[in-house]
Amino acid sequence: MYAYRRATPQELEALWNRNIAKHPENSRWSGWKQEYLAYNQNRQGATFAVVHNGTPVGEGTLLFSPQCRAINGRIQLADHCHTANLNALRIRKRYEGKGHISALFHCMERYAAGHGYTRLTIGVAAQETRNLAIYLHWGFEEFVLAQEEEGELILYYAKELDSDIR
């Protein structure tokens with residue numbers, strides 16, 4: 001049994017603890033956990049989960065505020081009014097390729113539209129052509145900007161939310 005929904009505080013904690021355990025050599029994950037927990041608490045973001053039999057196995061976060069560190073003041077990516085950013089889409093390896101991230105994306109898209117957002121943005125590393133193809137398929141066809149971040153070229157795309165889901 002699968003569910004695609006806004007993550008509960010317990011699911012959010014479990015997702016981040018797993019991410020930290022998966023990357024023990026990288027202390028930045030602990031800091032990111034604190035950031036994303038705060039975004040969920042102060043309404044600057046909302047994390048969603050793919051839940052399988054009560055266990056969160058995938059995630060994605062909508063960032064609403066330009067004050068979020070990943071947005072870094074770039075209001076064309078998130079303006080806390082009309083534009084939100086899809087961020088940190090991840091799923092455990094054994095659940096990949098089964099449509100779960102697409103189902104989670106559609107859940108997030110409906111949530112954003114239901115909260116007055118009319119536009120979504122997403123970033124992808126330039127070399128991640130598979131992910132870019134997926135995002136284009138989802139309707140992210142408007143190129144917004146390219147920026148080097150931590151030594152990688154990141155391409156940002158946007159899509160307008162369909163009026164029928166608003």
Side-chain angles (χ1 to χ4, degrees), residues 4 7 12 15-16 19-20 22-23 25-40 42-50 58-93 95-97 99-163 165-166:
Y4 311 94
L12 192 55
L15 286 163
W16 277 104
N19 288 329
I20 291 166
K22 192 174 169 187
H23 302 93
E25 73 293 343
N26 190 338
S27 61
R28 294 186 305 171
W29 284 89
S30 294
W32 291 331
K33 173 185 177 181
Q34 297 312 312
E35 276 181 46
Y36 279 74
L37 292 176
Y39 295 156
N40 278 271
N42 65 22
R43 297 190 175 128
Q44 288 183 317
T47 299
F48 294 77
V50 177
E59 66 186 288
T61 298
L62 284 171
L63 296 177
F64 306 122
S65 174
Q67 295 173 359
C68 295
R69 190 158 59 119
I71 303 302
N72 195 25
R74 297 172 291 184
I75 60 172
Q76 67 269 48
L77 300 181
D79 64 7
H80 221 312
C81 185
H82 303 290
T83 303
N85 177 261
L86 260 73
N87 193 275
L89 288 169
R90 296 185 274 270
I91 193 157
R92 289 188 193 174
K93 194 75 163 161
Y95 297 94
E96 282 183 358
H100 298 302
I101 289 294
S102 289
L104 185 65
F105 161 69
H106 292 300
C107 171
M108 296 169 74
E109 186 179 41
R110 286 188 301 274
Y111 180 92
H115 285 80
Y117 289 88
T118 58
R119 179 178 169 91
L120 293 178
T121 63
I122 196 163
V124 60
Q127 77 272 14
E128 292 180 9
T129 56
R130 178 178 174 251
N131 289 348
L132 177 56
I134 291 167
Y135 303 158
L136 291 170
H137 175 74
W138 287 348
F140 288 90
E141 296 175 348
E142 178 192 336
F143 179 74
V144 176
L145 68 98
Q147 193 157 24
E148 188 171 319
E149 298 175 15
E150 297 180 12
E152 272 190 293
L153 180 61
I154 306 298
L155 309 174
Y156 288 94
Y157 291 85
K159 76 171 280 184
E160 298 296 319
L161 294 176
D162 292 331
S163 60
I165 65 166
R166 281 190 234 151

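Not measured: the values here are computed from a predicted model.
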* Asked: Between Glu150 and Arg28, is the closest basic N to carboxylate O distance under 4.0 Å?
  -> yes
At what distance, to the nearest 0.5 angstrom, does [atom1] of [X] lie from [atom2] of [Y]?
X: Phe140; Y: Tyr135; atom1: CZ; atom2: OH; value: 8.5 Å
X: Tyr36; Y: Trp16; atom1: OH; atom2: CH2; value: 6.0 Å
X: Leu132; Y: Gln127; atom1: CG; atom2: CD; value: 11.0 Å
X: Leu120; Y: Leu77; atom1: CG; atom2: CG; value: 12.0 Å
X: Phe143; Y: Leu155; atom1: CZ; atom2: CG; value: 5.5 Å
X: Glu160; Y: His82; atom1: CD; atom2: NE2; value: 11.0 Å

Taking [X] for the side chain and [Y] for the main chain, is one N or O donor matched with an acceptor at less than 3.5 Å?
X: Asn85; Y: Ile71; value: no
X: Ser65; Y: Gln44; value: no
X: Asn72; Y: Cys68; value: no
X: Asp79; Y: Ile75; value: no

* To do: Measure from NZ or CZ of Arg90 to the centre of the six-membered ring of Trp29 and say whether it is under 6.0 Å with the direction within 45° of the ring axis.
  =>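 No cation-pi geometry.
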Taking C-beta and beyond as the side chain, do [X] and [Y] meet within less than 4.5 Å on heavy atoms?
X: Tyr117; Y: Thr83; answer: no
X: Leu12; Y: Leu37; answer: yes
X: Arg74; Y: Gln147; answer: yes
X: Ile154; Y: Val124; answer: no
X: Gln76; Y: Leu145; answer: yes
X: Lys159; Y: Arg119; answer: no
X: Trp138; Y: Ile101; answer: yes
X: Leu89; Y: Phe105; answer: no

Check [X] against [Y] and note the closest heavy-atom contact, atom names and distance.
X: Arg43; Y: Phe64; result: O-CD1, 3.6 Å
X: Leu86; Y: Ile122; result: O-CG1, 3.8 Å
X: Ala112; Y: Leu62; result: CB-CD1, 4.1 Å
X: Thr121; Y: Ala158; result: CG2-CB, 3.9 Å

* Qualifying residues under side chain to side chain donor-acceptor pair (under 3.5 Å), relative to Tyr4, sequence neighbours excluded ->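 Side chain to side chain donor-acceptor pair (under 3.5 Å) check on Tyr4 returns His100.
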* Asked: Residues in ring-ring contact (aromatic ring centres under 6.0 Å, His included) with Phe48, at least two apart?
  ->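 Phe48 satisfies ring-ring contact (aromatic ring centres under 6.0 Å, His included) with Tyr111 only.
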